[in-house]
Amino acid sequence: MKNVDTHSHLTGRSVYVDDIPELTGTLHAVPVLSEKAHAKIISMDFSKAEKAEGVVAILTAEEIPGENQIGGILPDEPLFATEEVHYIGQPMAVIIAKDHFAARDARQLVEISYEEMEVVTDPRVAKEKGQLLFPPRTFASGDTDKGFAGCDYVFKGRADSGGQEHIYIETQGSYAIPQENNNLKVFSSTQGPTIVQKTIAQVLGLQMHNIEVDVTRLGGAFGGKEDQATAWAVMAALAAQKLGKPVKLILDRDDDIRATGKRHPYSSDFRIGLDKNLKIKAFEVTYYQNGGAAADLSPAIMERTLFHVTNSYFIPNVKATAYSCKTNLVPFTAFRGFGGPQAMFVIEAAFAHAADQLGVDKTEIQQRNLIGKGNTFHYGQVCDSNNASKSWEEMHRHYKVEETKRTVEEFNKNHRFVKKGLAVMPICFGISFTKTPMNNARALVHVYQDGSIGVSTGAVEMGQGVNTKLMQVAANAFSVNISRIKLETTNTTRVANTSPTAASSGADLNGKALQIACNEILDRLQKEAAETLGMPQEQINIRDEQVYTGAKPTKLYWEELVEKAFLNRIKLSEVGHYSTPVIHFDKTKEKGHPFTYHVYGAALTTVTLDCIRGTYETDSVQIIHDFGNSLNLTIDKGQVEGAVVQGIGWMTLEELTFDENGRLLADSLSKYKVPDVYAAPKMIETIPLETEGPELAIMKSKAVGEPPFMYGIGVYFALRNAVREFNPETPLGYDAPLTPEKVLLALYNKKG
Ligand code: LUZ
Ligand code: MOS
């Protein structure tokens, strides 16, 4: 089945926040953003701006009726700065005008004077100064001291990975409409309608029931709208409440890039110990997470980093410590993988470093240390499958890894100025929100008297195809044609207290809740059919819109059955509630069973490097991926392909450069390089790993959103290998992204 949105996307009829027809009198908001990364605010003078053509109002912290606080996990983030600013792009006020451009022009007239303070952008410097956003955490298993003592080789190193701008096609935006009795309806481009609802209530001094948040779909999010859609929705809501008019706030791209969080840059130190058989005996790592100026989702992201220390390997002695460092940069936030990729980059760097030092092939080390059934992850969960080695073996079989290695060697022997590089990247990603209480969802199902079905859930469609999958779940549960199902908008008055659509878990959690609701209604319909046909209910089943008794078709069809049930006053609506069983985690011990299951896979990557120009192409990324029993392979393969390209961007192209004053230099699409068609692999192949699929995944179909992002890490190491083919003496460390500039320098720099 195709993605249900395909047609409206292609014809331009899909509705995003900025496409909602505007009500008469709608006003437009533009935020006033800090120009300094760290400063005392001496004065804010709005007198000229207020008089500008079209300006209706300028709202600051003083106009907030509730709390000036939007921090999601920790209360450390004001909606509007009052005494100090902590990063460039921090909101200080919002200008409301008759149209967007009037508001934007008026912004030029705002006069703010600052007294500048010391700016810190480097997480290690922040750590030295004791500037942490919250206390560090350590995850450990076994005894690393003993582990290292028993090693034949021990190596140390450092690995750095950069941030990443989400570049969702639809920028952040919201449209708030006052309703009677001080209520508000807010359209928001958010992954977390409930977070938006709750935060608006808090800032406006209202109750959650006063706020209705509605989401049709997002033009991409990638984590960037899990927490950071909120501020803009709150500003629009505040203005709408103050002025009694509908207010729209859509960020321009340049404001969006400057003022919203990105993937966290990390700097890390590692120590790895191996025995003669290349078995890893011990691994120690310290992560310095660049958190930016406020906590945002950093505590959860740091936690996911600590869960992904060992990627898909089993290491008996592990000690991992993470610091979330407070810097004068925009608060970094969720981005596909959520701290997992940063950890997985470090362990892969450690393996590469050990392989270089020992003069062995890195893939040997990888292969000998894959995690298997019965091994315990360092956080206490027992690995329940051999999918890591199965994917590895299938990759070797399907894609002929050994043969490819020889072809690459042969090529490199015969070419002096063009080199190929090869790398293999296995992945293992834990599925569930690491915060156990978040793993729940609800679905509201109405079967209408004409037999059509309306479905509301907490899942937000953001291009990932969750609506299509949910329609499949409902159609499958009732055994009706998919055209009977309508997926409603995500709305906080229909489905309440939702977790954000994040952690790759949207289809799993909401799909399970939906199944529960559908099955309740189905049971009532079967009872109705049993009575109509005078048969016991056990014999009734509905298949393809027809009632069967046992294997025998009857003359009773879906529409008639629903009509009968309706006339007999049977309840044709239901709310399903799902909370994931099994999972738990004890933070005092940093042990438990946090993940419902893990997703595995392995990718073989080859690149070709032009050693004169430092330019490169990814020839191929060939993947064996653990989809479980995929619900929709077209959508799932699309997720894999998109993730791979986004991973390549993070690892090789996208460079968030900040100057010493905390200013983002690459602050527009002409300066920030996102992967384009040339950066995409010439070939991506994805073959599903043949597995059963776990019961706890929706219809045994595993979560797919984030895990394949990490295949992109393979491209980094393939490229690094190509550089070393040309210049074995290169001083190239592990500092992603490996941009063309860095590659060119690495091709010609020598050690020392
Ligand atoms: N969001 C979140 C996430 O709040 N918790 C998580 O564990 C998570 N994991 C991945 C992506 N978003
Ligand atoms: Mo996310 S990184 O919002 O799943």
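Both ligands and their constituent atoms are indexed starting at 1 by order of listing.
- When heavy-atom distances to ligand 1 are checked against a 4.0 Å cut-off, Phe338 comes that close only through its side chain, counted from C-beta outward.
- At a heavy-atom distance under 4.0 Å, only side-chain atoms of Arg304, from C-beta outward, approach ligand 1.
- Contact annotation for Glu303 and ligand 1: no heavy atom of the residue comes within less than 4.0 Å of the ligand.
- Distance OG/Ser188 to CD1/Ile200: 7.0 Å, rounded to 0.5 Å.
- Under a cutoff of 6.0 Å and an axis angle of 45°, Lys262 and Phe335 do not form a cation-pi pair.
- When heavy-atom distances to ligand 1 are checked against a 4.0 Å cut-off, Ala503 comes that close through both its backbone and its side chain.
- In this structure, Lys673 does not pair ionically with Glu654, as no charged nitrogen and carboxylate oxygen lie closer than 4.0 Å.
- Looking at heavy atoms from C-beta onward, Leu664 lies out of side-chain contact with Ile88 at the 4.5 angstrom threshold.
- Taking distance alone, with nitrogen or oxygen atoms compared against 3.5 Å, Lys435 stays at or beyond that limit from ligand 1.
- At the shortest separation from atom 5 (N) of ligand 1 among protein heavy atoms lies Phe433 CD2, 3.3 Å.
- Between Phe429 and Phe307, the ring centre distance reaches or exceeds 6.0 Å.
- Looking only at atom types and distance, the side chain of Thr333 has no donor-acceptor partner in the side chain of Asp227 under 3.5 Å away.
- The residues lining ligand 2, counting any heavy atom closer than 4.0 Å, are Gln191, Gly223, Glu226, Ala334, Phe335, Arg336, Phe338, Ala502, Ala503, Glu706.
- In summary, of the residues considered (Asp626, Asn387, Asp508, Asp384), a side chain to side chain donor-acceptor pair (under 3.5 Å) with Tyr597 occurs for Asp508 alone.
- Of all the atoms in ligand 1, the ones that sit under 4.0 Å from a non-hydrogen atom of Ala502 are 12 (N).
- Looking from atom 11 (C) of ligand 1 to the surrounding protein, the closest heavy atom is Glu706 OE2, 3.0 Å.
- Side-chain N/O atoms of Thr305 and Tyr266 include a donor and acceptor closer than 3.5 Å.
- Closest to atom 4 (O) of ligand 1 among all protein heavy atoms lies Glu226 OE2, 2.8 Å.
- A distance of 9.5 Å separates CD1 of Ile698 from CG of Leu509, quoted to the nearest 0.5 Å.
- Heavy-atom proximity to atom 7 (O) of ligand 1, evaluated over Thr434, Ile301, Thr333, is greatest for Thr434.
- You'll find the ring centres of Trp650 and Tyr716 outside the 6.0 Å limit.
- Heavy atoms of Arg336 come nearer than 4.0 angstrom to ligand 1 in no pair at all.
- One finds no salt bridge joining Arg494 and Glu488 here, because no Lys/Arg side-chain nitrogen approaches an Asp/Glu carboxylate oxygen to under 4.0 Å.
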